Amino acid sequence: MSEVLEPTKNEEALIAVMDQNPVQPMPTESPMHHLKLGARSQGSNVPTVYAGELGLKGHLVIRGDADNSDFRKGVEVALGLGLTDTLQSAESDSLSISWLAPDEWLVICPLDEAFAVETALRNSLKGHYSVVNVSGGQTVVRLTGANAVNVLKKSSPYDFHETHFPVGKVVTTLFGKTQAVIRRKDKETWDLVIRRSFADYAWRWLEDAASEYGFQVADNLA
Amino acid sequence: MFYIYCPYCKEHREEEEFHAKGQAHIERPADPDSCTDKEWGEYLYFRKNPRGLHHEMWVHAVGCRKFFNVTRDTQTYEIKEVYKMGERPTITAQNQTAAKQA
């Protein structure tokens, strides 16, 4: 028993790292697949809120010590984006990184790049850190339009005013009766990271909350 | 409703985002094999229920998911202080009464 509990003597623990994307293309379904979003458009005359799912993205959770300069540097080398400060996010052409907790960040990238990003992180990081592919566990809903902020105000006790929630800020808070990681991408565009098992509920909540402003499903928001 | 300052997110959030986790600073007996049943029983089951200042743990469950400590007055519900895990409170019942007498 004591042998099992003893920390590994090797400098690097052996971790099974695998590309979770099948080599052969296979039918894949996002967490909101069953909602058939394309057919749900309410066809409002003057839509002021648009939303759509950015499904099938690569989601990686990085954990490590933010005060460790090697860790910070390693992430920056691998991603081209550094670790962000409390409640801040950053994005490049294909990647975004969001602060989740003092020792935890979420990286979102295209699904077919997730394995390459994970490998790059593992190659440039050493010591006590963790990278976990959580792509299957969550999805992204992009909410945009002039009244998008009002939909959020209805859905959460958080203060979404521009002075309190500037572009680039990311907050994990309540959304309806569930939770979401809400990131302000630009003035009128918000990305919500929703847990897979709550995707159905969250979408139906969103649709209901947005209906009074004129709502339209948008399938090419990326 | 409480409006609680999370020392990790560094801002105030609604109480809905948090869970109370009971009394803070409970120390596990250093050597469980040789402590008395009374000590072990008190460690496991017996909690304070003070009228006045109370140190309790909270977790930012819908947020950064970190635990932290809150010093709260159980009579007025006023939160006196919030401090991170591993830190000691600066406001305690002892130093409050000492300050009153001084």
Side-chain angles (χ1 to χ4, degrees), chain A residues 61-67 83-89 97-106 130 132 134 137-138 152-166 168-184 192-195 197-198 201-202 205, chain B residues 1-22 24-35 40 43-44 55-72 76-90:
Chain A
V61 168
I62 309 174
R63 298 198 66 177
D65 179 5
D67 296 329
L83 292 174
T84 47
D85 286 338
T86 308
L87 301 180
Q88 294 303 313
S89 72
I97 182 166
S98 301
W99 184 95
L100 294 181
D103 55 0
E104 189 174 0
W105 291 262
L106 173 66
S130 113
V132 180
V134 295
Q138 48 200 30
L152 290 172
K153 283 179 189 170
K154 284 168 70 172
S155 310
S156 170
Y158 198 76
D159 182 0
F160 291 98
H161 192 270
E162 235 165 320
T163 52
H164 192 256
F165 207 137
K169 191 170 179 177
V170 60
V171 157
T172 310
T173 187
L174 292 156
F175 181 78
K177 288 182 194 300
T178 178
Q179 68 175 83
V181 181
I182 302 174
R183 185 168 81 91
R184 188 166 204 163
L192 282 62
V193 178
I194 309 274
R195 292 296 177 108
S197 50
F198 288 98
Y201 166 80
W205 173 284
Chain B
M1 288 290 288
F2 287 124
Y3 198 43
I4 302 171
Y5 182 83
C6 171
Y8 296 101
C9 293
K10 296 173 189 165
E11 61 179 30
H12 284 82
R13 299 288 184 91
E14 288 291 331
E15 184 186 344
E16 279 176 277
E17 294 193 12
F18 299 87
H19 286 309
K21 287 288 180 177
H25 307 301
I26 297 169
E27 274 178 44
R28 190 174 195 267
D31 185 3
D33 290 336
S34 60
C35 76
W40 189 249
Y43 160 68
L44 279 186
H55 306 289
E56 50 196 22
M57 272 193 303
W58 285 73
V59 59
H60 195 183
V62 183
C64 61
R65 306 199 300 278
K66 295 288 175 200
F67 282 77
F68 58 94
N69 300 305
V70 168
T71 303
R72 183 173 68 88
T76 63
Y77 273 53
E78 186 190 349
I79 292 174
K80 303 278 189 186
E81 184 184 17
V82 170
Y83 52 103
K84 290 180 181 177
M85 235 45 202
E87 294 175 358
R88 303 298 303 179
T90 61

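To find a chain, count down the sequence lines: A is the first, B the second, and so on, and within it residues start at 1. Quick caveat, the model's predicted, so the values are computed rather than measured.
One distance of note links NZ of B:K10 with CG of A:D85; it measures 7.5 Å at 0.5 Å rounding. Remark: B:E16 CD to A:Q179 CD distance equals 12.5 Å, nearest 0.5 Å. For the atom pair CG of A:L100 and NZ of B:K66, the computed distance is 10.5 Å after rounding to the nearest 0.5 Å.
Pairing each heavy atom of B:C64 with each of A:A101, the nearest pair is O-CB, 3.5 Å. Taking each heavy atom of B:E17 and A:T172 in turn, the nearest pair found is OE1-O, 4.0 Å.
Most heavy-atom pairs under 4.5 Å with chain B, from the set A:T86, A:L174, A:L87: that is A:L174.
Using a 4.5 Å heavy-atom cutoff, the side chains of B:R13 and A:Y158 are in contact.
With a 4.5 angstrom heavy-atom cutoff, B:E14 touches chain A only via side-chain atoms.
Surrounding NE2 of B:H19 are at most 12 heavy atoms belonging to other residues, nucleotides or ligands under 6.0 Å away. Heavy-atom neighbours of A:K169 NZ from other residues, nucleotides or ligands within 6.0 Å: above the threshold of 12. For CZ of A:R63, the number of neighbouring non-hydrogen atoms (other residues, nucleotides, ligands) closer than 6.0 Å is greater than 12. For CZ of A:F160, the number of neighbouring non-hydrogen atoms (other residues, nucleotides, ligands) closer than 6.0 Å is greater than 12.
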